[in-house]
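Down below is the structure, laid out as structure tokens.
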Amino acid sequence: MQQSIVSQRLRRLFLLVLSLAVFRPQLLLARTLAPLTRTTLESLPGGQPPEGASSETEVPLPTVPTGESLSIGEANRGRLVNGVRLESDDLFLVRSQDENYGTAETIEATRRAVAEVSRRFPGRPRIVVGDLSKEHGGRIRPHKSHQSGRDIDLGFFLVGDAQPNHFVPLTAKNIDLARNWALIEALAAGDDVQYIFIDRRVQKLLRAYAEEVEKVPAKVLDGIFEYPRKGSLSTLVRHRRGHRNHLHVRFFSPQAVAAGEKYGAEALARLGKRVDPWQAVAFNHIVRKGDTLARIAARYKVELTDIMKWNRLKRRTVLQLGQTITLYRKVKVAAASASDVCHAGPRAVGCWRPGRS
Ligand SMILES: [Zn+2]
């Protein structure tokens, strides 16, 4: 019996390491980046896509596929079309009745992760769900993001059998370490999650549990938790104020983002909503031998200063092999009308409204 518990644990650990190695190879490498300065991540890159990457030919109106989720624009300034609603059931206690829409991928990945926790810890109180996005996205106060169906706020699991219907601030006494760690493991096990915001005080408790009880190697945990460091942009779990009573998960939703690029303008025109014809799409470059920031900038035709800003790097930062550098390319959401087509030269600065972050 003891044997099988140990081997189960080893198997889970192996799967976690494997998935980290496959999907986030950079996490397994030791990092010796220069200390980064902290700014608000959510206000980071959105509005400033690389200059220069634009093409502007008029495209015939595409037909929006029915039922396919479209994540349009950015999480901080975006829209959602054909979102899927997350409703309360055996696993979820969903608080909001209007702001509970996400892309199909967001909902599916969330369901998969929470179902996995429930499989391992059956019969426990449900997870409390805060805001996702509105049916058609857009601003929800007080959030900055939650606009394009890729964000969800989840309450932490608490010890005991009481079912809270709100977010409870975590302490060493009320935190259900095993279940919250299982949730992070489940979220980390795919390549759906871009990052998770958790207050560093909670990260500290979870990290200690994972290391001491679950025997997860420190090197793996370094790739998962920002704690005890500060400002490690490429970890899965990152500190943000206000995330002591819930975690915020940002999903990639690649299909919905791609569909948003393709059909976004047309879909929004049908809904009578305005859309900015341009959007910045994030992508990653994994650092390989010989890379410097200047070379990466040249390769993707972006400004060096933009790369530094998007990644909070300094000019002298020594890049590590396998490190992830986030870049933005500018794409035009398929034009809804001729007036939306932006005619600009290769340095299409004029296509952006200034200060839109
Ligand atoms: Zn949130």
Side-chain angles (χ1 to χ4, degrees), residues 38-47 69 71-80 83-88 91-114 117 126-158 164-170 175 180 183-184 186-188 192-203 206 224-227 233 235-253 256-257 282 357:
R38 168 157 303 289
T39 54
T40 310
L41 183 82
E42 298 215 349
S43 70
L44 234 197
S69 295
S71 178
I72 304 164
E74 296 133 34
N76 295 346
R77 185 192 175 89
R79 289 285 183 181
L80 173 67
V84 176
R85 203 167 183 179
L86 184 64
E87 312 242 29
S88 293
L91 300 181
F92 295 94
L93 177 66
V94 182
R95 293 192 311 185
S96 172
Q97 292 313 303
D98 302 313
E99 285 142 7
N100 56 346
Y101 291 83
T103 66
E105 292 153 287
T106 293
I107 302 299
E108 197 189 311
T110 303
R111 282 196 177 285
R112 208 184 308 130
V114 173
V117 178
R126 296 177 289 175
I127 194 164
V128 180
V129 180
D131 289 339
L132 285 87
S133 294
K134 288 193 286 196
E135 183 176 4
H136 294 131
R139 183 84 199 248
I140 307 175
R141 291 183 193 281
H143 306 285
K144 278 191 192 140
S145 57
H146 288 265
Q147 296 200 23
S148 62
R150 295 168 51 208
D151 300 280
I152 183 168
D153 288 341
L154 298 168
F156 289 111
F157 292 111
L158 305 171
N165 61 1
H166 57 279
F167 292 160
V168 178
L170 275 196
I175 182 171
N180 287 305
L183 179 62
I184 289 169
L187 288 168
D192 313 291
V193 175
Q194 186 173 352
Y195 53 71
I196 304 170
F197 289 155
I198 297 180
D199 186 285
R200 50 191 293 113
R201 288 165 289 188
V202 179
Q203 287 188 45
L206 288 170
I224 297 178
F225 292 106
E226 179 181 307
Y227 181 87
L233 248 193
T235 53
L236 183 71
V237 178
R238 304 168 191 180
H239 169 77
R240 279 301 172 279
R241 280 171 63 175
H243 295 83
R244 193 179 179 185
N245 62 358
H246 75 283
L247 54 137
H248 173 124
V249 188
R250 161 75 51 83
F251 291 94
F252 282 116
S253 284
V257 168
S357 65

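Values reported hereafter were calculated over all heavy atoms of this structure, with side chains retained and with hydrogens, waters and symmetry mates removed. We count ligands from 1, going down the list as the structure has it; atoms in each ligand are counted the same way.
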Does H146 bring an N, O or S atom to within less than 2.8 Å of the Zn ion (ligand 1)? yes
Measure the spacing between CZ of F225 and CG of L236 and express it to the nearest 0.5 Å. 8.5 Å
Among side-chain atoms of H243 and D199, is any donor-acceptor pair under 3.5 angstrom? no
Atom of H248 closest to the Zn ion (ligand 1), considering N, O or S atoms: ND1
Under a 3.5 Å distance rule, please check whether Q203 uses its side chain to pair with a backbone N or O of E226 as donor and acceptor. yes
Positive for side-chain contact (heavy atoms from CB on, under 4.5 Å) with V202, one of L247, L170, N245: L170
As a test of reading the structure, name the N/O/S atom of D153 that is nearest the Zn ion (ligand 1). OD1
